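What follows is a single structure, written as structure tokens, with notes after it.
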Amino acid sequence: MKDKVEISLRSTVDELTQTGDLPELSDYSTSVSIPTNKDFGDFSTNVAMIVASKAKKSPKEIAGRIIRSLERRNDMFEKVEMAGPGFINMTLKPAVWARALSEITDLGKDFGRTAHGAGRKVQVEFVSANPTGPLHIGHGRGAAVGDTLVRILDAAGFDVQAEYYINDIGNQMNNLGLSVLHRYKEIHGREEPFPESGYKGDYIRDIAHELMTIHQDGLLSRDHDEAVKICQEYAAGSIMQGIREDLRLFNVRFDRFFNESSLYHDHKVAESLDYLRLKVLSYEDDGALWFRTSAFGDEKDRVLRKQDGSLTYFAPDIAYHKDKLDRGFEKIIDIWGADHHGYVPRMKAAIAAMGADKDCFHALLIQLVSLVRDGRPVQMSTRAGEFVTLREIIDEVGKDVARYFFMMRRCDAQLVFDLDLAKKKSDENPVYYIQYAHARICSIIRNAADQGISPSLNGTDLQLLASGDDLALIKILASCPDIVAAAATELEPHRIAFYLLDVATAFHRFYNRNRVISDDPALTRARLVLVDAVRQVIANTLALMGIDAPESM
RNA sequence: GCGCCCAUAGCUCAGCUGGAUAGAGCGUUGGACUACGAAUCCAAAGGUCGCAAGUUCGAGUCUUGCUGGGCGCACCA
């Protein structure tokens with residue numbers, strides 16, 4: 001709805017500029033917002049003050065001209081007033097709101113979708129956990145945020161792809177193989193010192209046992225490196241399969257899993273290094289190969305190839321991001337743990353070096369998740385293999401609650417996951433509060449159906465809902481597409497979680513003060529359409545978060 | 001030492017790109033079911049938006065400097 005107001009306002013201002021009633025301004029940013037104070041109308045804009053300050057004119061005079069012009073196009077506004085230092089407050093006609101409601105009914109599942117993204121290609125890369133162990137709770141937050149963001153971007157009209165980058169090569173994979181082989185030998189009674197920086201989790205033992213049933217003691221007689229390789233490949237495959245299963249249970253979808261190793265097979269890494277050398281952006285020093293990232297705003301240059309001849313993690317990562325650019329993504333979004341923030345300037349430098357605008361790259365940094373049980377923090381340490389897995393969380397509180405909890409903070413704020421609260425099936429738990437609203441509406445609709453009435457626009461007079469609680473509810477519903485679009489452009493998926501809470505609150509309030517099914521047939525029909533629209537909006541936005549909308553609970 | 005993030009009601013947090021009188025939930029106090037699901041609702045109390053300057057018509061929001069907390073500063077990934 002804000003969209004429509006903005007469009008109307010902008011065309012009015014443009015028109016006034018053309019007729020010379022307003023000074024010419026090459027660029028101005030309008031801001032239409034919903035005022036906190038209801039007395040100020042449905043929407044408010046400061047455009048007159050912006051224009052006035054640039055043109056050095058009186059804001060009130062500018063506002064006056066805009067208002068007179070807006071009033072002349074009388075299809076939309078009930079009332080347009082000047083307020084304060086030059087605000088323009090606008091109140092829409094009830095018919096406009098009634099139309100907005102019928103639009104929700106017409107669009108159904110598609111309500112909330114917009115064309116903001118104009119089909120631009122966007123990629124979101126997230127989770128990307130190494131296949132060295134199961135997903136833990138930190139990955140869970142990244143998975144929930146990433147998957148929700150993908151759905152939001154899709155709804156906002158972007159052509160979005162979800163990708164998982166698998167580090168299936170390198171030191172960590174080698175350590176994985178060593179760790180598994182060690183456990184394998186241990187089962188066969190061979191005690192050796194545990195490999196340095198090996199993985200100690202119990203799942204390593206499980207994998208060693210699986211290898212034993214496949215190979216019996218056959219690996220013992222193999223060449224060491226060969227045995228490590230067999231262990232590594234089997235373990236990575238097994239763990240990756242587990243990760244995919246975790247993601248499926250968590251309702252997280254990926255369009256593509258990208259193997260780091262393919263960058264080597266396809267010579268992409270070598271090509272990237274050649275490119276940098278050609279552009280004189282890399283140089284040899286002290287036996288290593290350096291990338292001149294400092295030329296692009298990084299605080300110092302970074303190593304691409306170490307003294308020992310092996311490549312750093314950064315080298316293939318440059319090739320990977322070059323590949324993303326080559327695939328035509330206009331916006332590249334990487335979701336990382338906040339502890340990787342130091343890596344951002346480096347990556348932006350790489351993007352810029354490839355000749356792309358470095359602002360097309362967005363690193364969404366996800367802050368730490370800590371876990372609280374019985375009011376006490378739960379200690380976790382990945383290195384020691386002591387961590388709470390995502391699977392454990394899903395099993396304990398359910399997929400829906402877990403996904404919502406991960407979404408109810410801004411990404412850049414630390415999150416305390418309260419297991420006790422998550423398991424409470426009461427009003428304190430926002431997930432149940434929201435799902436309850438949905439179930440309650442479904443119940444009302446069932447009751448109405450028993451009386452032979454179902455929600456339908458046919459012959460229903462929505463003007464009956466033009467005031468009070470009914471109108472307030474419609475206004476919140478109508479803002480859904482604006483919220484989704486804003487969440488997409490600002491990359492702030494948590495806004496959906498808060499919006500849902502607003503919708504549920506507004507509905508519960510409405511429900512307690514008004515009857516849907518009453519002895520007034522016309523009002524009953526109208527309100528059935530209204531609550532059905534509430535149900536639709538709740539279902540649609542829950543779907544954006546990958547959460548189910550139960551018909552009863 | 002340098003950099004990034006955070007600081008808003010007793011607690012946990014929103015705050016729509018700089019707008020008008022800063023909002024929710026929990027907790028506290030008091031109320032509402034013999035009609036559509038009380039897993040709900042209503043009301044009250046609760047604030048120097050960490051501190052101090054600056055930018056301007058206007059700052060919780062932007063700038064700078066402090067204070068406090070988290071996280072980084074590898075020829076690890």
Side-chain angles (χ1 to χ4, degrees), chain A residues 2 29 31-37 39-40 44-46 49-50 52-53 59 83-87 89 130 132 167 170-173 175 197 260 286-290 299-300 302-314 316-317 337-345 365 367-368 370 408-414 416 418 421 424-430 432-433 435-437 439-448 450-451 479 482-483 486-487 489-490 492 494-495 497-499 501-502 504-505 507-519 524 527-528 531 552-553:
Chain A
K2 193 156 93 177
S29 57
S31 161
V32 172
S33 61
I34 299 173
T36 44
N37 190 329
D39 297 339
F40 297 152
S44 169
T45 180
N46 61 351
M49 285 182 282
I50 304 278
S53 73
F87 289 107
N89 293 336
N130 296 346
T132 55
N167 302 115
N171 284 341
Q172 301 202 18
M173 284 294 99
N175 287 334
S197 58
E260 181 186 357
D286 210 13
L289 180 67
W290 297 74
E299 55 184 9
K300 53 173 281 205
R302 306 291 172 178
V303 171
L304 295 166
R305 193 176 56 232
K306 299 176 250 177
Q307 274 182 336
D308 67 5
S310 66
L311 294 175
T312 60
Y313 175 83
F314 189 34
D317 218 15
D339 54 342
H340 287 73
H341 68 256
Y343 204 73
V344 177
L365 300 172
Q367 286 288 344
L368 199 82
S370 57
M408 63 184 199
R409 294 282 175 274
R410 288 195 339 257
C411 293
D412 50 16
Q414 294 185 15
V416 177
D418 185 337
L421 176 58
K424 254 184 212 165
K425 300 197 171 184
S426 76
D427 55 342
E428 287 174 65
N429 187 332
Y432 288 100
Y433 184 83
Q435 290 184 326
Y436 179 55
R440 213 177 203 184
I441 294 168
C442 290
S443 172
I444 295 170
I445 291 173
R446 282 191 298 268
N447 290 337
D450 289 343
Q451 298 175 33
S479 71
D482 303 327
I483 303 282
T489 54
E490 299 303 313
E492 291 187 346
H494 75 279
R495 293 189 188 197
F498 286 94
Y499 173 68
L501 214 47
D502 284 346
T505 302
F507 169 72
H508 285 310
R509 178 190 172 88
F510 172 87
Y511 176 87
N512 273 273
R513 308 208 304 193
N514 305 279
R515 286 200 55 83
V516 177
I517 301 168
S518 64
D519 44 20
T524 298
R527 282 191 168 152
L528 266 178
V531 297
S552 64
M553 26 194 314

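Numbers restart at 1 for each chain; the letters A, B, ... are given by sequence-line order, proteins then strands. Keep in mind that what you see is a predicted model, and the values were worked out from it rather than measured.
At the heavy-atom level, A/R410 lies under 4.0 Å from the strands shown only through sugar-phosphate atoms. Note on A/D450: nothing from the nucleic acid sits closer than 4.0 angstrom, heavy atoms only. Nucleic acid contact for A/A437: none, since no nucleic acid atom lies under 4.0 Å from a heavy atom of the residue.
For the pair A/M553 CE and B/G37 C1', the computed distance is 10 Å after rounding to whole Å. The interatomic distance linking A/Y433 (OH) with B/A38 (C1') rounds to 12 Å, in whole Å. In this structure, A/N447 atom CG and B/G37 atom C1' are separated by 9 Å, rounded to whole Å. Protein atom CG of A/D418 is 11 Å distant from nucleotide atom P of B/C13, rounded to whole Å. Summarising the geometry, the separation between CG on A/L368 and P on B/G70 is reported as 11 Å, rounded to the nearest angstrom.
The nucleotide whose nearest atom lies closest to any side-chain atom of A/H494 is, among B/G37, B/A14, B/A77, B/A14. Comparing B/C13, B/A38, B/C76 by their closest approach to the side chain of A/F498 singles out B/C13. Across B/G3, B/U40, B/C75, the shortest atom-to-atom separation from the side chain of A/H341 is found for B/G3. When distances run from any side-chain atom of A/E299 to the nucleotides B/C2, B/C76, B/U40, the shortest one goes to B/C2. Nearest nucleotide to the side chain of A/D286, out of B/A14, B/U40, B/C75: B/C75. The side chain of A/A288 sits closest to B/C75 out of B/C75, B/C36, B/A77. For A/I444, the listed nucleotide lying nearest its side chain is B/G37; candidates were B/G15, B/G37, B/C42. Comparing B/A77, B/G19, B/G37 by their nearest atom to the side chain of A/H340 picks out B/A77. In the set B/U40, B/C36, B/C5, B/C36 carries the atom at the smallest distance from any side-chain atom of A/R515. Residue A/K2 has its side chain nearest to B/C16 when only B/A39, B/A20, B/C16 are considered.
For A/T505 and B/A24, a side-chain-to-base donor-acceptor distance below 3.5 Å is absent, hydrogens and geometry of angles not being considered.
Look at A/F87 and the base of B/A20; the rings stack, centres closer than 5.5 Å and planes less than 30° apart. The aromatic ring of A/Y436 does not sit over the base of B/G37, since the test of centres under 5.5 Å and planes under 30° is not met. Once the 5.5 Å centre distance and the 30° plane angle are applied, the aromatic ring of A/Y511 is found not to be stacked with the base of B/C41.
In this structure, A/Y511 and A/I441 have side chains that are not in contact, with every pair of non-hydrogen atoms separated by 4.5 Å or more.
OP1 or OP2 of B/G3 has not a single side-chain nitrogen or oxygen of A/K300 nearer than 4.0 Å. At B/A14, none of the side-chain N or O atoms of A/R409 fall inside 4.0 Å of OP1 or OP2 (strictly under the cut-off).
In this structure, B/G46 makes no Watson-Crick or G-U wobble pair, since no nucleotide meets both defining distances under 3.5 angstrom. For B/C2, the paired nucleotide is B/G72, the pair qualifying as Watson-Crick or G-U wobble because both relevant distances are below 3.5 Å.
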Under the salt bridge (Lys or Arg N to Asp or Glu O under 4.0 Å) rule, what do A/D308 and A/K306 come out as? Steps first, then yes or no, please. CA-CA 5 Å; A/D308 67 5; A/K306 299 176 250 177; 5.0 Å; no

